[in-house]
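First up is the structure itself, then whatever we jot down about it.
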Amino acid sequence: MKRIGVLTSGGDAPGMNAAIRAVVRTALKNQMSVVGFKRGYNGLLMRSLRPEDDYIEMNARSVSGIIHKGGTVLMTARCKEFHKVSVQKEAIRNMRALGVDGLICIGGNGTLAGAQALNDLGMPTIGIPGTIDNDLCYSEYTIGFDTALNTAVDAVNRIRDTGDAHERASMVTVMGRDCGDIAIHTAIACGAELAIVPEIPWTLEEVAATVHKGVVGGKRSMILIFAEGAQSSLRTDLVQLKKDYPKLRFNRDHITSSQFAEIIEQLSGHETRATVLGYTQRGGSPTANDRILATRTGSYAVELLLKDVYGRAVGIRQNKIIDVPIASAMDGSTFDPELFNLVSVTGSIK
Ligand code: F6P
């Protein structure tokens, strides 16, 4: 293989730039040239007016001074039409026309699905796990998770200061889509009373009871970490709740974080405020751990292509870089009951 492509797709994750850099530098050291495709799979479709908006020739200088930067120099996007086989074939034709005979795709679940589709159609691909969600269970960590976690911990530290001063319960909503990893790890690192996650059924009554118990036990400021996808595992009878508390305003299909906080306040009798951390978790300079993981996986991905090994997703287990078939990389859940239990063991109020 003499010429490869690289792209970042899906939600950006801190460390994606470090991964691009490692791919480019490792490829160049091995006499391979590299094309950087822009805006994820959209770049492969070459629909822009100017070619440089879709792809660029990468050289050692084009990845200088990016290892410490959040975001992605190749930009990223989600590409709905890429689900169509005809569009995937068009992408392969375009890559072949540029002389590209292998592709490295950096991103989460959707990105790996796209990489697998291209590989199945005959374009050798490798996937690198780049997502803050940490929801790819073949890899113990994904690039961006450590930074997002540290950002969340830093934010909760600040929220705790004001919560302590006002004797409030603070509900902090973190990202993660359908995965509670950011929430659970943040809760452990911040000594939160609760982590509310999509993987475990919960009720508003239980959350309110925890807050009430804290108040009775003399602990008036509390931290509740709420995963953004946690409404999916809510087991409270919302129809009954509306009847019992007619003044509460919420839409049963989607309760906002502030509305959750209002309900908890109403049920527990203790002042509760919500903060949504949102995109702050996706931005910022990657931590050393994320830069190192990105550099190791990026370099390893190129080495696989050099050995004519493809259709693989690269990850990390027990501090060793590993690769598995991309087809299996999207299976399973990363939920760890022991970590989840640790939140209640160490955060419970007795
Ligand atoms: O997958 C990363 C992630 O930040 C999720 O945690 C979140 O649910 C989603 O992306 C948000 O996506 P968007 O950038 O489209 O708002």
Side-chain angles (χ1 to χ4, degrees), residues 7-19 38-42 69-83 105-116 127-156 171-187 195-199 225-234 253-257 260 274-287 290 293-294 297 313 315 329-335:
L7 59 80
T8 49
S9 163
D12 64 319
M16 279 183 162
N17 281 325
K38 295 186 177 176
R39 301 180 187 82
Y41 291 104
N42 294 290
K69 290 193 173 149
T72 153
V73 290
L74 290 176
M75 295 172 286
T76 186
R78 297 188 171 94
C79 181
K80 280 207 179 121
E81 61 173 326
F82 209 75
H83 291 288
C105 306
I106 307 165
N109 263 305
T111 306
L112 295 189
Q116 188 199 340
I128 293 181
T131 165
I132 64 165
D133 298 340
N134 210 36
D135 58 351
L136 294 166
C137 74
Y138 77 93
S139 183
E140 280 166 4
Y141 295 104
T142 56
I143 298 164
F145 171 69
D146 189 58
T147 308
L149 170 61
N150 279 287
T151 301
V153 168
D154 185 49
V156 173
M171 194 188 119
V172 185
T173 303
V174 297
M175 276 190 168
R177 207 181 285 272
D178 304 320
C179 175
D181 271 30
I182 297 180
I184 294 170
H185 286 75
T186 304
I196 301 151
V197 296
E199 293 92 339
I225 306 292
F226 192 87
E228 65 175 355
Q231 189 175 339
S232 63
S233 56
L234 175 61
D253 297 329
H254 176 71
I255 305 177
T256 65
S257 297
F260 270 128
T275 306
V276 180
L277 298 188
Y279 296 104
T280 58
Q281 296 153 99
R282 288 231 303 249
S285 179
T287 59
D290 274 333
L293 177 60
T297 49
M330 292 155 284
D331 297 343
S333 158
T334 57
F335 180 70

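Read the numbers this way: they start at 1 and go in the same order the structure lists the ligands and their atoms. Along the sequence shown, the residues carry numbers beginning at 1.
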Query raised in the report: Are Gly108 and ligand 1 in contact, using a heavy-atom cut-off of under 4.0 Å?
Result: no

Query raised in the report: If you count the atoms of ligand 1 from 1 in the order shown, which ones are under 4.0 Å from a heavy atom of Gly176?
Result: 6 (O)

Query raised in the report: For atom 2 (C) of ligand 1, what is the nearest protein heavy atom, given as residue, atom name and distance?
Result: Asp133 OD2, 3.3 Å

Query raised in the report: In terms of the angle between their ring planes, are Phe260 and Phe226 parallel, tilted or perpendicular, with boundaries placed at 30° and 60°?
Result: tilted

Query raised in the report: With Met75, which residues qualify under side chain to side chain contact (heavy atoms under 4.5 Å, CB included), at least two apart?
Result: Lys38, Arg39

Report task. Output yes when a side-chain donor or acceptor of Tyr41 lies under 3.5 Å from a complementary backbone atom of Thr111, and no otherwise. Result -> yes

Query raised in the report: Of the protein's non-hydrogen atoms, which lies at the shortest distance from atom 10 (O) of ligand 1, and what is that distance?
Result: Arg282 NH1, 3.1 Å

Query raised in the report: Residues in side chain to side chain contact (heavy atoms under 4.5 Å, CB included) with Thr151, at least two apart?
Result: Thr147, Thr280

Query raised in the report: So which of Ile182, Ile132, Leu293 actually passes side-chain contact (heavy atoms from CB on, under 4.5 Å) with Phe145?
Result: Ile182

Query - Closest approach of any protein heavy atom to atom 16 (O) of ligand 1, naming residue and atom - result: Tyr279 OH, 2.3 Å

Report task. For ligand 1, find out whether one of its N or O atoms is nearer than 3.5 Å to an N or O atom of Gly11. Result -> no

Query raised in the report: Any idea which of Glu228, Gln281, Arg177, Arg78 brings a heavy atom closest to atom 8 (O) of ligand 1?
Result: Glu228

Requested in this report: Scan side-chain atoms only and decide if Thr287 and Asp146 contain a donor-acceptor pair under the 3.5 Å cut-off.
Outcome: yes

